[in-house]
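The structure appears right after this line, and notes come after that.
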Amino acid sequence: MFTEEEKEAFYKILYKRRDIRTFLPNPIPDESLQNILTAAHHAPSVGFMQPWNFTLVYSDEVKERLAWAANKERRALAIHYEEEEEKESDFLALKIEGIKESPLTICVTSDPTRGGSHVLGRNSIPETDSLSTACAIQNMWLAACAEGIALGWVSFYKKQDIRNILEIPPHIDPIALLSIGYTDDYPNMPILQTANWEKRRELEELLYVDTWGNNRTNMD
Ligand SMILES: Cc1cc2nc3c(=O)[nH]c(=O)nc-3n(C[C@H](O)[C@H](O)[C@H](O)COP(=O)(O)O)c2cc1C
């Protein structure tokens with residue numbers, strides 16, 4: 001079992017972890033990177049299929065092209081924000097700078113064919129392969145935080161653009177682009193909350209008892 005200090009450290013990492021969009025150019029030490037990747041590889045996965053791969057992108061030229069793909073999508077999304085002076089779209093632009101600034105971008109992919117056609121559990125709910133890969137990414141996020149390293153998740157891109165740039169086969173799913181590196185700006189609160197975009201909902205409102213929608217507070 002874990003000591004009180006160990007438990008405290010675990011929850012501290014959990015609550016301190018943030019999505020980051022500004023990075024310093026300093027390289028990530030090999031040991032830290034290995035710890036982060038090994039943490040990912042210890043995530044749970046449906047039928048233990050371990051559908052993930054991690055493509056480490058160091059090349060400035062390739063990062064430029066990934067940023068181009070994200071920027072193209074940002075401009076497409078901007079149509080939805082026209083009436084709000086493209087505030088949201090400008091906000092996403094920071095993420096694109098993050099891809100170019102950070103010393104490393106990791107493309108995390110999911111291979112739905114790994115383990116053959118009979119992966120236990122995935123037969124019923126096919127998207128459990130992507131969900132398993134998301135668990136791996138969360139492990140990376142927490143491990144990076146423990147290593148004092150920042151990580152930002154980018155998911156606005158057309159998958160086909162990312163496949164073309166990174167030469168990913170058509171059946172492989174590019175789940176995330178992760179910008180990773182040191183930062184001098186690790187906020188205490190989600191950046192979207194500071195920007196008055198969204199705030200954390202009350203947990204109590206999300207808890208139901210016995211049937212969907214039956215709030216615990218209604219039971220008194
Ligand atoms: C599945 C997923 C996709 C995300 N995609 C993006 C993205 O495309 N752009 C972005 O700015 N942040 C993205 N994020 C980060 C969220 O905006 C961020 O996690 C959220 O605002 C809460 O902030 P926190 O992670 O600092 O607690 C993504 C997060 C998740 C879990």
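Order of listing sets the numbers, starting from 1, for every ligand and every atom in it. As the structure is a computational prediction, the values presented were derived from the model and not from experiment. Values below: all heavy atoms of this structure, side chains included; hydrogens, waters and symmetry mates excluded. Just so you know, residue 1 is the first one in the sequence shown, and it goes up from there.
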### Task
Report, as yes or no, whether the 6.0 Å neighbourhood of atom CD on Glu61 holds more than 12 heavy atoms from other residues, nucleotides or ligands.
no
#### Entry: Distance-only side-chain donor-acceptor flag, Asp111 / Thr113, under 3.5 Å
yes
### Task
Name all pairs fulfilling the ring-ring contact (aromatic ring centres under 6.0 Å, His included) condition that reach into residues 124-157, sequence neighbours left out, sorted by first residue then second.
Trp141-Trp153
List of N/O pairs, ligand 1 versus protein, all under 3.5 Å?
{"from": "ligand 1", "atom 1": "5 (N)", "to": "Ser155", "atom 2": "OG", "distance (Å)": "2.7"}
{"from": "ligand 1", "atom 1": "8 (O)", "to": "Ser155", "atom 2": "N", "distance (Å)": "2.7"}
{"from": "ligand 1", "atom 1": "8 (O)", "to": "Ser155", "atom 2": "OG", "distance (Å)": "3.0"}
{"from": "ligand 1", "atom 1": "11 (O)", "to": "Arg21", "atom 2": "NH2", "distance (Å)": "2.9"}
{"from": "ligand 1", "atom 1": "11 (O)", "to": "Lys95", "atom 2": "NZ", "distance (Å)": "3.1"}
{"from": "ligand 1", "atom 1": "12 (N)", "to": "Lys95", "atom 2": "NZ", "distance (Å)": "3.0"}
{"from": "ligand 1", "atom 1": "12 (N)", "to": "Trp153", "atom 2": "O", "distance (Å)": "3.4"}
{"from": "ligand 1", "atom 1": "25 (O)", "to": "Arg17", "atom 2": "NH1", "distance (Å)": "2.9"}
{"from": "ligand 1", "atom 1": "25 (O)", "to": "Arg17", "atom 2": "NH2", "distance (Å)": "3.3"}
{"from": "ligand 1", "atom 1": "25 (O)", "to": "Asp19", "atom 2": "N", "distance (Å)": "3.4"}
{"from": "ligand 1", "atom 1": "26 (O)", "to": "Arg18", "atom 2": "NE", "distance (Å)": "2.9"}
{"from": "ligand 1", "atom 1": "26 (O)", "to": "Asp19", "atom 2": "N", "distance (Å)": "2.8"}
{"from": "ligand 1", "atom 1": "27 (O)", "to": "Arg17", "atom 2": "NH2", "distance (Å)": "3.1"}
{"from": "ligand 1", "atom 1": "27 (O)", "to": "Arg18", "atom 2": "NE", "distance (Å)": "3.4"}
{"from": "ligand 1", "atom 1": "27 (O)", "to": "Arg18", "atom 2": "NH2", "distance (Å)": "2.7"}

### Query
Does a salt bridge link Asp19 with Lys95, judged by any charged N lying under 4.0 Å from a carboxylate O?
yes
### Query
Going by an N to O cut-off under 4.0 Å, is there a salt bridge joining Glu204 and Arg216?
yes
### Task
Using the rule that two of Ile, Leu, Val, Met, Phe, Trp, Tyr join whenever any of their side-chain heavy atoms come within less than 4.5 Å, decide whether Ile99 and Ile162 are in one cluster.
yes
